[in-house]
Amino acid sequence: MKTNLKKENPIGIFDSGIGGLTVAHAIKNHLPNEQLIYFGDTAHLPYGDKEPYSIKHYSVEIAKFLLERKCKLIVIACHTASSIAYKEVKRIVGEQAIVINVVDPVVKLMAKIEKSKAVGVIGTKGTIKSDVYRKKIGEENNQLLVKSLATPLLCPMIEEGFINDKISQTVIDSYLSDEKLSEIEHIILACTHYPLIKKQISSYYKDQVNVIDSAEVVALHVAQLLKEKGLLSEAKLLPHHFYVSDYTKSFEKSTRFFFKEKIKLEKGSIWS
Ligand code: DGL
């Protein structure tokens with residue numbers, strides 16, 4: 001059986017677009033010695049409104065692309081793909097690499113919370129419709145009531161640069177004041193883009209609600225997992241690669257916003 005499970009091999013990260021760079025950035029911060037291979041499926045963006053069948057198909061093809069590049073660990077950074085395509089990706093990867101999604105590490109964290117009443121979840125229509133957080137948190141901690149709301153306007157808003165201003169605050173306030181999210185004590189940011197508006201969400205709640213940045217939780221989980229498995233890279237050897245399925249200058253310009261530094265995008269040919 002072919003295996004990519006070697007310390008020196010890279011970590012593969014994929015998303016529907018460049019939003020998953022928030023997850024890549026958090027992983028890079030915690031694990032500076034690791035080589036990252038990122039794939040953003042900009043040709044099929046957004047996943048949030050797509051049929052589960054399409055999301056599964058795209059995710060499996062991307063996983064194959066990352067396996068060919070010898071990734072020891074594949075992180076499904078997209079919440080929509082994590083909610084819908086995790087099983088299919090795991091099946092195709094088999095024993096060749098480790099696969100993680102961005103839902104389970106957050107669920108694990110919520111399982112530890114005691115004496116809490118309700119947790120809110122915000123994400124794309126696909127993530128919320130899958131009901132994955134309610135199902136998985138329910139299996140771990142049935143004391144916790146999960147209240148979820150699809151917030152589809154947030155991604156395009158953030159992509160267009162509307163953050164830390166009046167327009168974005170109005171949109172955020174309007175979503176968070178929805179009855180469906182009443183009386184929550186925690187809120188899970190179940191979308192790649194939302195770490196960028198974490199401050200505004202915290203300020204809406206006047207810091208009285210625990211805002212869970214899943215990118216950070218996932219990065220800590222990746223570090224712990226690689227350590228446990230003896231798969232941490234010992235020295236930074238090779239440069240990161242950032243692939244997209246559809247290249248435009250505007251995507252490249254926006255990467256700095258999500259990754260906090262300038263990066264060069266390469267065209268990754270899966271569908272062309
Ligand atoms: N990356 C997606 C997620 O985290 C958001 C953007 C999209 O809809 O594709 O769910």
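Counting starts at 1 for both ligands and their atoms, following the listed order. Here, residue 1 is the first one in the sequence, and each next residue gets the next number.
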Between Arg134 and Glu139, does any side-chain N to carboxylate O distance fall below 4.0 Å?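 Looking at Glu139 together with Arg134, the answer is no, because their closest N to O distance does not fall below 4.0 Å.
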
Please check if atom CD in Glu183 has more than 12 non-hydrogen atoms from other residues, nucleotides or ligands closer than 6.0 Å.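 No.
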
Geometric cation-pi criterion Arg69 and Phe39, 6.0 Å radius, 45° cone: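 Here Arg69 fails the 6.0 Å and 45° test against Phe39.
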
Candidates Gln224, His221, His25, Glu216 - the one meeting side-chain hydrogen bond (donor to acceptor under 3.5 Å, both in side chains) with His30: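 Single pass found, and it is Glu216.
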
Is the closest side-chain donor-acceptor distance between Thr127 and Thr124 under 3.5 Å?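 Short answer, yes.
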
Taking every non-hydrogen atom, the tightest pair across Leu144 and Ala118: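 So the two residues come closest at CD1-N, 4.4 Å.
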
Table of N or O contacts for ligand 1, cutoff 3.5 Å:
| residue | atom | partner | partner atom | Å |
| --- | --- | --- | --- | --- |
| ligand 1 | 1 (N) | Asp15 | OD1 | 2.7 |
| ligand 1 | 1 (N) | Ser16 | OG | 3.1 |
| ligand 1 | 1 (N) | Thr192 | OG1 | 3.0 |
| ligand 1 | 4 (O) | His79 | N | 3.1 |
| ligand 1 | 4 (O) | Thr192 | N | 3.0 |
| ligand 1 | 4 (O) | Thr192 | OG1 | 3.3 |
| ligand 1 | 8 (O) | Tyr47 | N | 3.4 |
| ligand 1 | 8 (O) | Gly48 | N | 2.8 |
| ligand 1 | 9 (O) | Ser16 | OG | 2.6 |
| ligand 1 | 9 (O) | Tyr47 | N | 2.7 |
| ligand 1 | 10 (O) | Thr80 | N | 3.1 |
| ligand 1 | 10 (O) | Thr80 | OG1 | 2.6 |

